[in-house]
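Accompanying notes for the structure given below.
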Amino acid sequence: MEKLFIVANWKMNGNKRSNEQLINCINDKVCENANIEVVICPPFTYLTQILKLKTSSIKIGAQNISENQNGACTGEISGSMLQDIKVDYVIIGHSERRQMYNDTNAVIAQKFELAHQNNLIPILCIGESLNERKTGQTLSVIESQIKSIIETTRIELFAKSIIAYEPVWAIGTGETASPEQAEEVHTNIRNIMEVYDSNIASSIPILYGGSVNGANSKDLFTMGNINGGLIGGASLNGEEFVEIYQAAESLINE
Ligand code: 13P
């Protein structure tokens, strides 16, 4: 088993008190392990709180980044600001941002580029809607989402990036893609990237996201092309998140 990534996307949840309880619960159980990367992505306002409270075994990510460098962009947070406070990762192109905040592929490509310029590792989210799956468009949607970023930026940037496959119909619905369904898409993601660079295609971590929980995580992470999870709802419950982490730990130790 190669390295596994367990990434918590807290979305717009929590407060100082609940965050402290949650991170303490995670701190207690997450040990230094070169083969498991645990990343917590709190809302912007709590990045420094979690940076202070977390142990050194845990990394920090932001949930978004501005598509602009700096300047007159009221309400935005730049890549250099995230780098300044020592954030390691940034989620880019989450389906909620694509749907609610008009993050188009062009905007996402700019964010992807700026993340790299500021030494942040982007976690690039892609995924099809329920209608797209039902009408047999899953693979073509995935292909156009990835290709547009590769072709607007550079394939070389993917050597230091993570992809998260998050089928929109599985996010927050309790309906998970089966391990086989996810594996099929993950294999296709590698096939799409193979045309540009075979080393990057085979080595880029591809996470699955969409109703991952303590009970289904081990079966998902067992698949050859699933390199961990991007976890929403279940990451807000310390014990459940720890269960997911421990599923990864047991696979790494097998
Ligand atoms: P859920 O785990 O709540 O389905 O959310 C997944 C997600 O959107 C993570 O980014």
Side-chain angles (χ1 to χ4, degrees), residues 4-14 18-19 22 25-26 37-44 46-47 50 58-65 82 87-101 103 108 111-112 115 120-130 132-133 138 141-142 145-146 149 161-179 181-182 185-186 189 205-221 223 226-248:
L4 288 171
F5 291 79
I6 307 299
V7 183
N9 178 7
W10 287 359
K11 305 192 181 182
M12 196 171 70
N13 292 292
S18 66
N19 293 343
L22 190 48
C25 176
I26 299 166
E37 183 93 321
V38 173
V39 183
I40 307 290
C41 305
F44 284 128
Y46 300 118
L47 283 167
I50 304 303
I58 296 169
K59 299 286 196 305
I60 289 289
Q63 298 174 17
N64 186 30
I65 179 181
L82 296 174
V87 167
D88 308 291
Y89 290 86
V90 61
I91 298 173
I92 290 181
H94 193 282
S95 63
E96 287 150 18
R97 299 233 32 113
R98 290 179 190 258
Q99 286 172 345
M100 293 192 270
Y101 304 99
D103 276 13
I108 292 163
K111 294 184 175 193
F112 187 78
L120 300 161
I121 300 176
I123 302 172
L124 173 66
C125 301
I126 55 174
E128 81 287 3
S129 67
L130 183 58
E132 287 162 344
R133 175 158 282 264
T138 299
V141 168
I142 298 293
Q145 287 173 335
I146 298 179
I149 309 300
S161 303
I162 293 177
I163 290 178
Y165 168 54
E166 296 208 310
V168 179
W169 49 271
I171 295 178
T173 58
E175 193 179 338
T176 325
S178 69
Q181 277 175 321
V185 176
H186 286 218
I189 293 170
I206 306 177
L207 318 186
Y208 168 77
S211 299
V212 175
N213 59 37
N216 61 27
S217 48
K218 193 165 180 180
D219 288 343
L220 286 160
F221 303 162
M223 306 307 282
I226 300 183
N227 309 109
L230 179 54
I231 300 128
S235 73
L236 298 172
N237 177 321
E239 277 151 32
E240 179 113 30
F241 185 69
V242 164
E243 253 184 74
I244 297 169
Y245 166 75
Q246 286 170 339

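We count ligands from 1, going down the list as the structure has it; atoms in each ligand are counted the same way.
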Ile126 and its side-chain contact (heavy atoms from CB on, under 4.5 Å) partner, picked from Ile146, Ile206, Ile108, Ile149: Ile146

Closest to atom 3 (O) of ligand 1 among protein heavy atoms sits Gly233 N, 2.8 Å

Please state which protein non-hydrogen atom is closest to atom 9 (C) of ligand 1 and give its distance, to 0.1 Å? Glu166 OE2, 2.9 Å

As a check for students: among Lys11, Gln63, His94, identify the option with a heavy atom nearest to atom 10 (O) of ligand 1. His94

Quick one: which of Gly172, Cys41, Gly232 has a heavy atom closest to atom 4 (O) of ligand 1? Gly172

Under 4.0 angstrom from ligand 1, any heavy atom of Ser211? yes

Non-hydrogen atoms of Gly210 versus ligand 1: any pair closer than 4.0 Å? yes

Can any side-chain N or O of [X] pair as donor or acceptor with the backbone N or O of [Y] at less than 3.5 Å?
X      : Y      : result
Tyr89  : Ile91  : no
Glu243 : Asn213 : no
Ser217 : Val212 : no

Ligand 1 to Glu96 polar contact by distance, N or O atoms, under 3.5 Å: no

Using the test salt bridge (charged side-chain N to carboxylate O under 4.0 Å, His left out), find all partners of Glu96 that sit at least two apart in sequence or belong to another chain. Lys11

Pull out every atom of ligand 1 sitting under 4.0 Å from any heavy atom of Leu230, numbered as shown with elements. 9 (C), 10 (O)

Please determine, by modelled atom types, if Gln63 and His94 share a side-chain donor-acceptor pair under 3.5 angstrom. no

Where's the contact between Ala170 and ligand 1, heavy-atom distance under 4.0 Å: side chain, backbone, both or neither? backbone

With heavy atoms under 4.0 Å as the rule, classify the contact between Asn9 and ligand 1 as side chain, backbone, both or neither. side chain

Partners passing ring pair (Phe, Tyr, Trp, His ring centres under 6.0 Å) against Phe241 (at least two apart in sequence or in another chain): none

